[in-house]
There are 2 protein chains.
Amino acid sequence: MTTEEKILGAAEAEMLERGYDGARMRSIAEKAEINKGLLHYYFKTKETLLVAVFQKTFQQIFKTLDEVFQSEMPLFEKVEKAVAEYSDFMIKHPKLPFFIISEMNRDAMKHNQRMLKAEVKPPFSTLFQEFEKGKKSGLIDPNFKPEHFMLNMMGLILFPFIARPMVMFMHKMNQSEYKQLLNDRKKLVAEILINDIKAK
Amino acid sequence: MTTEEKILGAAEAEMLERGYDGARMRSIAEKAEINKGLLHYYFKTKETLLVAVFQKTFQQIFKTLDEVFQSEMPLFEKVEKAVAEYSDFMIKHPKLPFFIISEMNRDAMKHNQRMLKAEVKPPFSTLFQEFEKGKKSGLIDPNFKPEHFMLNMMGLILFPFIARPMVMFMHKMNQSEYKQLLNDRKKLVAEILINDIKAK
DNA sequence: GTCTATAACAGGATAGAC
DNA sequence: GTCTATCCTGTTATAGAC
C-alpha cells in the first residue's frame, strides 16, 4: 500500500465521518500514520484532497446500479435486483450517500463542473428505453413517469441511511432493530416500485 | 423586531445555508446588522446559537404532519392531505430537511438528549392506531408494516429537497423544471403510499 | 520522500469603553 | 445594550533539514 493510497483512505474516512468543513488535516495525517507536511506533498491543499475523495465516492454511488441496469434480465426482476444490490452496497458503505449529498449541497457548482469534465453519466438511458418498450407492450402503466422512478428508488432506499440518527430517534430503535429494518426494506421497496410502474 | 430576533433570524439563514461548521459568526453579525461582540452578549457561544436554531427548525419539521394527522378525516384522505401539505411546507422551506439531517449526523447524541429533555415527540401515535383499526376493518393490508410508512413518506417527499443539486444534475434540469417536478410529485407520492397500505 | 518547525491567518471568544 | 479592539487557539500551508 503506497503512501498516497494510505492518505486517500484516511482522507475518505475522515471526510465521510465529519464532512469537508469538519475534517481536519491533522486527523487525516494521524489516520494515515504520516505527518502533516507529507500530506501537502501529495495533495497540495485540503480542497485537492476533497476532489480525489469526491470523485472516488461519486463513481461508486452509481456503479452498482449501472451494472444491474446493463445486465440482461426481465424488467421487474431487474428492479428487484437493483434494489437489493443497492441496499446491500449501502449497508456496507452507509456514510457514502450522506457525504455525496452533503458535498453537493455545499458547493454544487464546482462539483457539477468536475463531473461534467470527467464525463460522469448517471446510468439511466438503458433503463429509460426499457420503460418505453414496456409501455408499448402493455407491461407498464402508460401514465408512469420515468423521471420519477430514480427519485422514488433513491428516496426509498437512501433516506434511512441519510437520516439514520433521526430514524433511530423517531422510532426509539437500537442498532440491531435498525439493521433489521434495513434488511426488511429490500423486499418492501422493490414491491412498491414495481407496483407503481406495473400496468393496472 | 428585537435584536435577539434579528440575530436568531440571521443565524438560521446562515446555518441553513452553510451548516454549523461552515457558518461564520462574522456573517451572522453582518446579516443581523450588528457587530460580533453583541452576538456573544445574546448568545454566549456559537453552540448556544445552534441549539436555538435547531430547536426552532426541528419542531417545524413535524408540526405540519402532526396537525394533519390529528385532524378528523378518512385515513386515505389524511395521507393525501399530509403529503400535499408537507410538500408545500418544504417548497417554502427547502433547506430545512437537509439542515436537520445534517446536524443530527454531526452530533446525534447531543441532539437526542436535547429533544428528549424538551419532550419532543414525533407525531405517529394517533396515525399508528388508525392503521391498526384499518387492518381490523379490512381497509388496510394486514401485512402492511406501520414502521415503514413514515420512512416511505419522508423518503419520497424529502429526498428531492435534500438531494436537490444531485437531482438537478442527474436529470439536467433547470430551476423551473425542478419546481414542476416537485409539484407533480405531490399526487404521485400520495398514490404510491395509499396503494401500498390499501388491502389488495 | 519524509520529517520538524514555523509561518500565516482565520475564527470564536473576551475586555472594557461608552 | 452596543461598540471597538484584542486575545488566543486551532488550522492550513510552507520552508528547509535530512
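Here is how names work: the chains are called A, B, and so on, in the same order as the sequence lines, proteins then strands, and each is numbered from 1.
Judged by distance alone, the side chains of His93(A) and Gln60(A) never bring a donor and an acceptor atom under 3.5 Å apart. In the model, Asn105(A) has no side-chain atom that pairs as donor or acceptor with a side-chain atom of Arg164(B) under 3.5 Å.
Side-chain nitrogen and oxygen atoms of Thr3(A) include none within less than 4.0 Å of the OP1 or OP2 phosphate oxygen of dG1(C). Proximity of Asn35(A) to the phosphate of dT2(C): no side-chain N or O atom is located under 4.0 Å from OP1 or OP2. One finds a side-chain N or O of Arg24(A) lying less than 4.0 angstrom from the OP1 or OP2 phosphate oxygen of dT12(D).
Between Tyr42(A) and Lys36(A), the residue anchored closer to the 5' end of DNA chain C is Tyr42(A), taking for each the nucleotide with the nearest heavy atom.
The interatomic distance linking Leu38(A) (CG) with dA13(D) (C1') rounds to 14 Å, in whole Å. Rounded to an integer number of Å, the gap from Ile28(A) CD1 to dG10(D) P is 18 Å. Regarding Leu39(B), its CG atom lies at a distance of 13 Å from the P atom of dT14(C), rounded to whole Å. With rounding to whole Å, Leu50(A) atom CG is found 13 Å from dT12(D) atom P. Computed from coordinates, the Asp21(A) CG to dA10(C) C1' distance equals 13 Å when rounded to whole Å. Between the NE2 atom of His40(A) and the P atom of dA13(D) there is a distance of 5 Å, rounded to whole Å. Here the C1' atom of nucleotide dT11(D) and the CD atom of Glu30(A) are 13 Å apart, to the nearest Å. In this structure, Phe43(A) atom CZ and dT14(D) atom P are separated by 15 Å, rounded to whole Å.
For Met25(B), the listed nucleotide lying nearest its side chain is dG12(C); candidates were dA13(D), dT14(D), dG12(C). Side-chain proximity of Lys46(A) to the nucleotides dG12(C), dT12(D), dT2(C) is greatest for dT12(D). The nucleotide whose nearest atom lies closest to any side-chain atom of Arg26(A) is, among dT11(D), dT2(C), dG12(C), dT11(D). Of all nucleotides listed (dA13(C), dC3(C), dC3(D)), dC3(C) comes nearest to the side chain of Ile34(A).
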Please report the C-alpha distance between Arg114(A) and Glu47(A) in whole Å, then the side-chain angles of each, then the deciding distance to 0.1 Å, and finally whether the salt bridge (Lys or Arg N to Asp or Glu O under 4.0 Å) criterion is met.
-> CA-CA 13 Å; Arg114(A) 270 170 212 145; Glu47(A) 177 77 18; 2.8 Å; yes
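Nucleic acid contact for Ala29(A): none, since no nucleic acid atom lies under 4.0 Å from a heavy atom of the residue.
Using bins of under 30°, 30° to 60° and over 60° for the plane-to-plane angle, the ring pair Phe98(B)/Phe98(A) lands in the parallel bin.
At a threshold of 4.0 Å, the pair Glu33(A)-Lys6(A) does not count as salt-bridged, since none of the basic side-chain nitrogens sits closer than that to a carboxylate oxygen.
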